[in-house]
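Note sheet for the following structure.
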Amino acid sequence: MAELALRDYEASAREQLSGPVWDFLEGGSGTESMLTAGRDALDRLRLRPRCLVDVSACEPATTLLGARLAAPLGIAPVAYHQLAHPEGEVATARAAGAVGALFTVSMFASRTIEDIAAAATGPLWLQLYWLKRRESMIGLIRRAEDAGYRALVLTVDAPLVAHRPRDARNGFAVPAGIRAVNVDSSVMSASYEAEAGESAIARHSKEQFDPSITWADLEWLRERTSLPLVLKGVLSGEDAGRAVECGIEGLVVSNHGGRQLDFALPAVDALQEIAEAAGGRCQIVLDGAVRHGADIAKGLCLGADAVLVGRPALWGLAHSGSDGVESVLRTLLGEFSEVMALMGAPRVSDFHRSGIVRS
Ligand SMILES: Cc1cc2nc3c(=O)[nH]c(=O)nc-3n(C[C@H](O)[C@H](O)[C@H](O)COP(=O)(O)O)c2cc1C
Ligand SMILES: CCCCCCC(=O)C(=O)O
């Protein structure tokens, strides 16, 4: 396959996917102000290299919650990968394993978590939304433990799925034949029933997600699993400090790819404050608008241990299945390796706050 930049996979996916599926994948909430803000925030950050450092042997490998990764890179949880390719999350898992990247599987995956695990050769985390039907969560957690998942990621920026105008306009519903196969049939059934002028996903989230949970409920989750817990969607130092006090092992600094709170701050702008509040007591992961290896370096400089990509994995999947996802990840890895050499940072631990300037 000819070497492509991520934007080439994006253009290809746009041609492959139907209008409503493309809008679901690319769209944002409210005014969609966040779709450009995240990228703008990363572009405002400039890298400051060190010179005359021996970079003859750069080593991008790292560890995250005890798992070895070929680079500080992973795939964010994205629902329903079969929207992009019939093999869905199984193809994504194969690609992530081939590259040595983390794969975070969505609770609303379209392939079973066991089939995904069977195809994986790299670490898997499982993402959860907090359902009103807690017994559905417990069943899934047991299955994840048995299948070898390495951590649970609780998404905390979505007490409900926000209004996304494109999906409402399209009356978006997940097409028949694609289902959230890991959750009870009562949770998945309405995913593909829509009424004109509304998103079935937004409506369904209001029926199924529990918007009443607080910090006190984390104890309930903790008592039901021995897996490390990661909170996804944290954007303030105060919440990061609170999470650490609760014994949370990881934080994903994220605004959900601009799909939840409109006008939320870009994740990268919250990163330093959160890393400082965590003070090395838990792992920090950045997600949102990461599109180049240089973005990985920027995240590391501001205190992240790793970064995740969401939409780009689906672009690769739509382009050419597992091979496409692998190419997307290898492109990022290749770019990051070059940035390491040019930054005078031969190890992941060589990226520091002094390596970045806000312009
Ligand atoms: C189509 C789509 C589905 C998503 N599904 C989930 C999900 O099931 N759980 C979750 O926590 N986040 C979900 N997200 C958010 C991603 O995990 C991630 O935060 C976001 O996509 C990162 O931004 P990026 O796409 O710019 O890389 C979804 C994002 C997209 C685009
Ligand atoms: C009731 C189905 C909810 C899927 C939510 C997926 C998601 O987080 C997204 O951003 O879209």
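Whatever order the structure lists ligands and atoms in, that order sets their numbers, starting from 1. Reckoned from all heavy atoms, side chains included, excluding hydrogens, waters and symmetry mates. This is a predicted model, so every value here is computed, not measured.
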>> For the backbone of Leu160 and the side chain of Lys206, can you confirm whether one donor and one acceptor N or O come within less than 3.5 Å of each other?
In response: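 Checked: no pair found.
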>> Assess whether a salt bridge exists between Glu10 and Arg7, defined as any Lys/Arg side-chain N lying under 4.0 Å from an Asp/Glu carboxylate O.
In response: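 Salt bridge absent between Glu10 and Arg7.
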> When you check the gap from the basic side-chain N to the acidic O, do Glu245 and Arg281 get nearer than 4.0 Å?
Replying inline: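 No.
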As an exercise, identify every atom of ligand 2 less than 4.0 angstrom from a heavy atom of [X].
| X | result |
| --- | --- |
| His204 | 1 (C) |
| Phe108 | 1 (C), 2 (C) |
| Phe24 | 11 (O) |
| His256 | 7 (C), 8 (O), 9 (C), 10 (O) |

> Rounded to the nearest 0.5 Å, how far does CG of Leu333 lie from OG of Ser337?
Replying inline: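 Here the interatomic distance stands at 4.5 Å.
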> If you round to the nearest 0.5 Å, how far is CG of Leu302 from CD1 of Ile284?
Replying inline: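 Interatomic distance, Ile284 CD1 to Leu302 CG, rounded to 0.5 Å: 12.0 Å.
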> Just going by heavy-atom distances, which of Arg311, Lys232, Arg259, Arg39 is nearest to atom 1 (C) of ligand 1?
Replying inline: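 Among Arg311, Lys232, Arg259, Arg39, the closest heavy atom to atom 1 (C) of ligand 1 belongs to Arg259.
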> Partners of Asp262 by side-chain hydrogen bond (donor to acceptor under 3.5 Å, both in side chains), sequence neighbours excluded?
Replying inline: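 Listed in chain order: Thr31, Ser33.
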Would [X] count as a contact residue for ligand 1, given that I'm defining contact as a non-hydrogen atom of the residue lying under 4.0 Å from a ligand atom?
| X | value |
| --- | --- |
| Arg291 | yes |
| Val78 | yes |
| Phe24 | yes |
| Tyr129 | yes |

For [atom], find the nearest protein heavy atom and state the residue, atom name and distance (0.1 Å precision).
| atom | answer |
| --- | --- |
| atom 11 (O) of ligand 1 | Thr155 OG1, 2.7 Å |
| atom 16 (C) of ligand 1 | Pro77 O, 3.3 Å |
| atom 19 (O) of ligand 1 | Asp287 OD2, 2.7 Å |
| atom 8 (O) of ligand 1 | Ser106 OG, 2.7 Å |
| atom 21 (O) of ligand 1 | Gly310 CA, 3.8 Å |
| atom 5 (N) of ligand 1 | Ala79 N, 3.1 Å |

> Would you say Gln208 touches ligand 2, if touching means a heavy atom closer than 4.0 Å?
Replying inline: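 Contact check Gln208 vs ligand 2: negative.
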> Can you find a non-hydrogen atom of Met107 under 4.0 Å from ligand 2?
Replying inline: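 Distance cut 4.0 Å: Met107 fails for ligand 2.
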> What residue pairs, at least two apart or across chains, pass ring pair (Phe, Tyr, Trp, His ring centres under 6.0 Å) with a residue in residues 24-75?
Replying inline: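 Those involving residues 24-75 are Phe24-Phe172.
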> Could you go step by step and tell me if Gln260 and Arg164 meet the side chain to side chain donor-acceptor pair (under 3.5 Å) rule?
Replying inline: CA-CA 8 Å; Gln260 286 299 109; Arg164 297 171 185 164; 2.9 Å; yes
> Looking only at heavy atoms, is any part of Ser254 under 4.0 Å from ligand 1, and if so is it the side chain, the backbone, or both, or is it neither?
Replying inline: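 The answer is the side chain.
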> If you measure from each non-hydrogen atom of His256 to ligand 1, which part falls under 4.0 Å: side chain, backbone, both or neither?
Replying inline: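 For His256, the contact with ligand 1 is made by both the backbone and the side chain.
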> Does the pair Thr155 and Gln127 meet the rule for a side chain to side chain donor-acceptor pair (under 3.5 Å), with working shown?
Replying inline: CA-CA 7 Å; Thr155 298; Gln127 176 268 335; 2.9 Å; yes
>> Can you confirm, on distance only, whether ligand 2 has an N/O atom lying under 3.5 Å from any N/O atom belonging to Tyr80?
In response: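 No; every N/O pair is 3.5 Å or more apart.
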>> So if I count the atoms of ligand 1 from 1 in the order they appear, which ones are less than 4.0 Å from some heavy atom of Leu25?
In response: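 Answer for ligand 1: 1 (C), 31 (C).
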> Would the Phe108 and His204 ring centres measure less than 6.0 Å apart?
Replying inline: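 When the ring centroids of Phe108 and His204 are compared, they turn out to be at least 6.0 Å apart.
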> Which heavy atom in Val307 sits nearest to a heavy atom in Asp295, and how many Å separate them?
Replying inline: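 Closest approach of Val307 to Asp295, heavy atoms only: CG1-O, 4.4 Å.
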> Where on Gln260 is there a heavy atom closer than 4.0 Å to ligand 2, on the side chain, on the backbone, on both, or on neither?
Replying inline: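 Under 4.0 Å from ligand 2, Gln260 contributes no heavy atoms.
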> Quick one: does ligand 2 sit under 4.0 Å from the side chain of Arg164, the backbone, both or neither, non-hydrogen atoms only?
Replying inline: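 The part of Arg164 near ligand 2 is the side chain, not the backbone.
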> Are Glu87 and Arg94 close enough, and set up right, to give a salt bridge (Lys or Arg N to Asp or Glu O under 4.0 Å), and what steps lead you there?
Replying inline: CA-CA 10 Å; Glu87 274 201 291; Arg94 210 182 302 129; 2.6 Å; yes
> Has ligand 1 got any nitrogen or oxygen that is less than 3.5 angstrom from a nitrogen or oxygen of Ala289?
Replying inline: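 By distance alone, the answer is yes.
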>> Applying side chain to side chain donor-acceptor pair (under 3.5 Å) to Trp315 and Gln16, what does each step give before you reach the verdict?
In response: CA-CA 9 Å; Trp315 301 338; Gln16 301 288 329; over 6 Å; no
> Does the pair Arg39 and Asp43 meet the rule for a salt bridge (Lys or Arg N to Asp or Glu O under 4.0 Å), with working shown?
Replying inline: CA-CA 6 Å; Arg39 194 55 249 165; Asp43 285 341; 2.7 Å; yes
